[in-house]
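Written out below as structure tokens is the structure these notes cover.
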Amino acid sequence: MFNLYRVRSMGPDLKRKEMMKKLCTLLLCAGMLLGGVSGAAAIDFKAKGQWLMGFTLSDTKLIHSFRHENTKQTKLREQFEAVQRVRLQLDAVASESLSGTVFFEIGNTRWGQGSSGGALGADGNNIIKLKRAYIDWMLPDAPLSVRMGLQGVTMPNAAGGSAIMDTDAAAITANYKINDNVGVTALWARPLNDNYNGLQENGIINSNRAGYLDNMDLFALMVPITMDGFEITPWAMYGMKGKNAMKGIDEFQGFQNGFSTSDGNLPFSLYPYPGINNISGRDAIGGTSKAYGSMFWAGLPIQITAFDPFNIEIDLNYGYVEEMGRYWAKKEYYNQVKRASTERQGWLAKALIEYKMDWGVPGILGWYGSGDDGNPKNGSERMPSIVPMGTFTSFLGDGNMGWAWNDYDLDYSGTWGIGLQLRDMTFLENLSHTFRAVWWGGTNSTGMVKYMSWSDSWNEGWGSNTGPYLTTNDGLLEFNLISNYQMYENFNINLDLAYVANFMDNDTWKKAGNRNSSFQKQDAWKAQLVFAYSF
């Protein structure tokens, strides 16, 4: 057995060596932490983790094929995939007032894919990631707690998740407890810094400008108020975005304005429109004399449980991003152009009403978000976001275990919807079901289509990776059926069946793109089975 191992380990396999280096580093870090137990008996180490194994059959495209002049193309993609992910968390607890946490993620690993470690030999590279690393401490003799480092940052929300920010970021949060009912939380986060390589508007890289004015900083204040049967958390967040903060990183280094992270594509959630036609090329936004642009968000989530068995949730949000450069938007169909603004501001209201019963929780959900007015000259009227995570539904949204295939960072902007939900229905022991039927409508003007390309707006299934771009003539009808079986205390099997009926308006969208192009729409669906072991 030993000789066989040596033979299989020999050879100049650089990927395997690189992988082994990272694995050894991870094990060394864990060993150093665990090894400190004997020398510092006061430290209590706690381990948490989760293994996910998922299998899916799906077709998430809302465009089946498109034709340009005499050439027809069909979007082809394998419908079956198998994916796995591992998360490991280690807490070093000195006392109730001091602890440290490190959180690793291995995956997502797609079975058979070499780059993610799922191909023959399982020797993928760059699949071990440090997701969170922070310390928690409290001020002695004072009700002030502080968390510093890479951590989860979620803006207060109710009724369908945060439509603004729910992600991991480098940050400092401080919580002060005024009394049993009122507290104050302050936040400083730095999502972006030192990613700009000096790329100028003329396409030339000036290394002297690398890292210049490329930081994004967020400052938030939240006031959670809790009373018997009533919770409300008014909050506000101000942000400052450097003129180069969105320029150039990784595979987007060649674009003038492009920044993508594992949690989403920031230009899509901050810039005006998906699929916009720029005469200077996609993502080509002109320069600005401003060093920094302002961003602002505010929210008012409310939850009322005083009228048991009713549960009422309401969430109101507003967002604004200052103009940082302009561009020429083109009506390709009419061969016309208009000077357009990168300003974006809008609002969103969400609500959920539930009634608890012995066999389940029926409810009504709905939302309405402001939409574009059809004039790009004054910017976008849809609410901007950083990394949203809407959870009303499990296909267009992230209301279930959408970690592997369908995590589209939903923000609800430019849409409205209403739906019925039957949550946590239980008829057999350890087996529960949730069913939803939701209608999606649009609040964006049909006039915006003239400035857009339907291939960019719809070809990947959604308008912008933060949700579908729907006009007032469009609609989608989504159905979800989620079944969860708890086989053991730490082991669950989750089945998610979903279908989206596509009522995209052909007459509206045929004015997108140029006169020689056309498309054929289709419905979308998925069947997802996930095995989850948590400890």
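Computation of the quantities below employed the complete heavy-atom set of this structure, encompassing side-chain atoms and omitting hydrogens, waters and symmetry-equivalent molecules.
Between Y412 and W367, the gap from one ring centroid to the other is short of 6.0 Å. Taking the centre of each ring, Y355 and F310 come in below the 6.0 Å mark.
The aromatic rings of F503 and W439 sit tilted, their planes meeting at an angle between 30° and 60°. Ring geometry for Y469 against W509 counts as perpendicular: the plane angle is over 60°, on a 0 to 90° scale with 30° as the lower cut.
Counting non-hydrogen atoms of other residues, nucleotides and ligands closer than 6.0 Å to CG of D228 gives a total of 12 or fewer. For Y212, the OH atom is loosely surrounded, since the number of other residues' heavy atoms within 6.0 Å does not exceed 12. Counting heavy atoms of neighbouring residues, nucleotides and ligands inside a 6.0 Å radius, atom NZ of K356 does not exceed 12 of them. Around the CD1 atom of I135, the shell of radius 6.0 Å holds more than 12 heavy atoms that belong to other residues, nucleotides or ligands. The environment of NZ in K338 is crowded: more than 12 heavy-atom neighbours from other residues, nucleotides or ligands sit within 6.0 Å.
A distance of 13.5 Å separates NZ in K61 from CG in N502, rounded to the nearest 0.5 Å. Residue N473 holds its CG atom at 9.5 Å from OG of S445, rounded to the nearest 0.5 Å. Between S385 atom OG and D411 atom CG the span is 4.5 Å, to the nearest 0.5 Å. The OG atom of S370 sits 11.0 Å away from the CG atom of N317 when rounded to the nearest 0.5 Å. Atom-to-atom distance recorded for M155:CE and M222:CE is 4.5 Å, nearest 0.5 angstrom.
In this structure, the side chains of L420 and I364 come closer than 4.5 Å at one or more pairs of heavy atoms. Looking only at side-chain heavy atoms (C-beta outward), W328 and K330 stay at 4.5 Å or farther from each other. The side-chain heavy atoms of S145 and D136, taken from C-beta on, include no pair separated by under 4.5 Å. The side-chain heavy atoms of E343 and N378, taken from C-beta on, include no pair separated by under 4.5 Å. With a 4.5 Å cut-off on side-chain heavy atoms, I482 and N494 count as touching. Using a 4.5 Å heavy-atom cutoff, the side chains of I302 and E231 are not in contact. A 4.5 Å side-chain heavy-atom check between D168 and L150 finds every atom pair outside the cut-off. Contact of the R423 side chain with the F435 side chain is not registered, since no non-hydrogen atoms from C-beta on lie closer than 4.5 Å.
T342 contributes a side-chain N or O that, together with a main-chain N or O of M324, makes up a donor-acceptor pair within less than 3.5 Å. Within the 3.5 Å criterion, the main-chain N or O of D214 finds no donor-acceptor partner in the side chain of K241.
Taking all atoms of both residues into account, the shortest heavy-atom contact from T434 to D424 is OG1-N, 3.3 Å. Residues P301 and A158 come closest through the heavy atom pair CB-N, 3.8 Å. Residue L218 comes nearest to G239 through the heavy atom pair CD2-CA, 3.8 Å, listed as atom of the first residue, atom of the second, then distance.
A salt bridge does not link K350 with E313: none of the charged nitrogens is closer than 4.0 Å to a carboxylate oxygen.
In the model, Q421 has a side-chain atom that pairs as donor or acceptor with a side-chain atom of E354 under 3.5 Å. Using a 3.5 Å distance cut-off with no hydrogens or angles, the side chains of T185 and N175 do pair a donor with an acceptor.
Between W440 and the options D474, T393, L477, a side chain to side chain contact (heavy atoms under 4.5 Å, CB included) holds for only T393.
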